Student: 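Please read through the structure below; I'll follow up with questions.
Everything numeric in this text was worked out from a predicted model, so none of it was measured. The first residue of the sequence shown is numbered 1, and numbering continues consecutively from there.
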Amino acid sequence: MKKLYILFLLLISAGFNAVSQTKTFTITETTTQAPKANYQLASRFSPNKLKKIIYSTAVDPHWLKLSNRFWYEYETPNGKLWYLVDPVAKSKKKIFDNAQLAAEITTIIRDPFDAQHLPLENLKFSSDEKQISFEIKSTIDELKKDRKDKKDADSMQKKIFYFNYDIASAKLTEVPNYTKPKAKPSWGSVAPDSSAIIFSRNYNLYWMDKENYKKAVKNEEDSTIVEHQLTKDGVKFYSYGSDGDGENNEEQEKNNKKRRRAYVLWSPNAKYFVLDRTDSRKVKDLWVVNNITAKQAYLRNIQIPNAR
């Protein structure tokens, strides 16, 4: 019996050895190569290129002073159009006949323009709201006013033509020898009657009257300018004006001392204004790579809400 038991154990042991000799277990580790940065693909979706694809997505109304009307421009794949809207009369009409306007501009400038590609810039209604002025950059080279020699580097520029357009008669007139006025400061939110100008400084609201604003238009560093503070509780990320988005710490420290734009909306009678104040103090920073070209990139600071 003992011999049979020993023989049985030997048979089992031999079976295990046979299995171990015929079965092989291997463990292989597969590694995937890390993807490379594809800046060329990212550049296809840069902000500047997206603008050419998306066109207009919202209406930016420009209100007229003598009535409740406003005008706006809107661009689609079929081109850019300009509209004049009267909310009281519930009417909307095109300001220009694009095809006719393109033909007249082409005759004057001698550059080819078509109805779908009218590069009208700096549109402005006249004080009586019967005419519109605008400018168009041509392909004609001309010497800059502060240069004397055409051969000097960066001495040439593209000539700009200035026009007046009468809305009632649809008559276009070139304005020769036009002197462009000095641009008004971008930080000023001017009341409809020009009696007050709202702006921000160091995250708070300020205002100045018309006479002091005139001084600022001539020279923003004029020490005689009188301004008045309206709020004192403005802080970074909970401000009454610009938070300096896109600026680094050094730029923010420098620009916070300057006047910034406060995005206010005035009532027609210039007695009231409203603004939207956003609290972003509990928003964290997210650093991402923003593509510029195929070979360059820079870090951009984006804020994202805290996870709850």
Side-chain angles (χ1 to χ4, degrees), residues 59-73 82 84-85 120-135 145-146 160 162-164 175 177-247 251-278:
V59 171
D60 182 17
H62 302 269
W63 292 93
L64 303 181
K65 294 183 179 181
L66 301 182
S67 64
N68 291 325
R69 300 178 301 167
F70 67 87
W71 70 270
Y72 72 94
E73 64 181 47
W82 292 263
L84 183 62
V85 180
L120 310 186
E121 299 291 341
N122 298 325
L123 272 72
K124 184 178 180 181
F125 273 71
S126 60
S127 57
D128 59 3
E129 300 179 359
K130 295 181 179 180
Q131 294 183 332
I132 302 176
S133 63
F134 58 85
E135 60 188 56
K145 293 183 178 180
D146 58 343
I160 296 177
Y162 300 90
F163 296 93
N164 273 338
V175 183
N177 303 320
Y178 177 78
T179 301
K180 191 173 183 179
K182 183 180 179 181
K184 294 183 179 179
S186 61
W187 47 261
S189 295
V190 183
D193 61 357
S194 302
S195 60
I197 293 83
I198 303 294
F199 59 95
S200 70
R201 186 200 295 273
N202 198 25
Y203 311 122
N204 279 292
L205 279 183
Y206 288 77
W207 76 276
M208 66 174 63
D209 59 24
K210 183 178 180 179
E211 296 304 319
N212 283 280
Y213 182 64
K214 288 181 179 179
K215 295 181 182 178
V217 171
K218 294 181 179 179
N219 179 16
E220 293 193 35
E221 305 300 327
D222 190 338
S223 60
T224 64
I225 296 175
V226 178
E227 55 188 43
H228 311 275
Q229 187 169 356
L230 290 173
T231 66
K232 295 183 179 180
D233 61 330
V235 294
K236 187 175 182 180
F237 301 133
Y238 193 32
S239 68
Y240 289 92
S242 173
D243 273 324
D245 293 339
E247 299 175 349
E251 291 172 337
Q252 286 186 8
E253 186 69 22
K254 179 181 178 180
N255 294 332
N256 281 343
K257 300 177 183 179
K258 299 181 180 180
R259 301 181 185 96
R260 293 180 182 267
R261 185 168 182 80
Y263 299 96
V264 305
L265 295 175
W266 283 94
S267 62
N269 60 6
K271 291 184 178 181
Y272 309 97
F273 66 84
V274 296
L275 61 82
D276 181 20
R277 188 183 180 198
T278 304

Student: Does some side-chain heavy atom of L230 sit less than 4.5 Å from a side-chain heavy atom of Y240?
Tutor: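 Of all side-chain heavy-atom pairs linking L230 with Y240, none is under 4.5 Å.
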Student: So does E253 have more than 12 non-hydrogen atoms from other groups sitting under 6.0 Å from CD?
Tutor: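 No.
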Student: Measure the shortest side-chain to side-chain distance between H62 and F70 over non-hydrogen atoms and say whether it is less than 4.5 angstrom.
Tutor: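 H62 vs F70: side chains apart.
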Student: K236 side chain to Y203 main-chain N or O, any donor-acceptor pair under 3.5 Å?
Tutor: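 Such a contact is absent between K236 side chain and Y203 backbone.
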Student: Between Y263 and D276, is there a side-chain donor-acceptor contact under 3.5 Å, judged purely by atom types and distance?
Tutor: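 Note: D276 and Y263 side chains miss the donor-acceptor criterion.
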Student: Are D233 and Y238 linked by a side-chain donor-acceptor pair shorter than 3.5 Å?
Tutor: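 No, no side-chain donor-acceptor contact under 3.5 Å.
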Student: What closest approach, in Å, do S267 and K271 show between heavy atoms, and which atom pair accounts for it?
Tutor: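 Where S267 meets K271 most closely, the heavy atoms are OG-N, 3.4 Å.
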Student: With a 4.5 Å heavy-atom cut-off, do F125 and L84 have their side chains touching?
Tutor: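 Yes; the side chains approach each other to less than 4.5 Å.
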Student: Could you tell me if the side chain of L275 sits less than 4.5 Å from the side chain of L205, heavy atoms only?
Tutor: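 Sidechains of L275 and L205: in contact.
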Student: Can you tell if the side chain of R259 reaches within under 4.5 Å of the side chain of P185, non-hydrogen atoms only?
Tutor: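 Not in contact.
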Student: Are any of the side-chain heavy atoms of E220 and W187 separated by less than 4.5 Å?
Tutor: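 Yes, side chains in contact.
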Student: Walk me through whether W266 and I198 qualify under side-chain contact (heavy atoms from CB on, under 4.5 Å).
Tutor: CA-CA 10 Å; W266 283 94; I198 303 294; 3.3 Å; yes
Student: Are the side chains of W82 and L120 in contact, using a 4.5 Å heavy-atom criterion?
Tutor: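 In contact.
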Student: For P192 and A270, which heavy atoms make the closest approach, and how far apart are they?
Tutor: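 Closest approach of P192 to A270: CD-CB, 3.8 Å.
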Student: Heavy atoms only: give me the nearest V175-F163 pair and the separation to one decimal.
Tutor: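 Scanning both residues, the minimum pair turns out to be CG2-C, 4.1 Å.
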Student: How many angstroms lie between atom OG of S223 and atom NZ of K215, to the nearest 0.5 angstrom?
Tutor: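 Rounded to the nearest 0.5 Å, the OG-NZ separation comes out at 9.0 Å.
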Student: Could you check whether any side-chain heavy atom of K182 comes within less than 4.5 Å of a side-chain heavy atom of K218, counting everything from C-beta outward?
Tutor: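 No, too far: nothing below the 4.5 Å cut-off.
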Student: Quick one: does R261's side chain have a donor or acceptor within less than 3.5 Å of a partner on G188's backbone?
Tutor: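 A pair under 3.5 Å: yes.
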Student: Return yes if some donor-acceptor pair links the side-chain N/O of N212 with the main-chain N/O of V226 below 3.5 Å, else return no.
Tutor: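 Checking the backbone N and O of V226 against the side chain of N212, a donor-acceptor pair under 3.5 Å is found.
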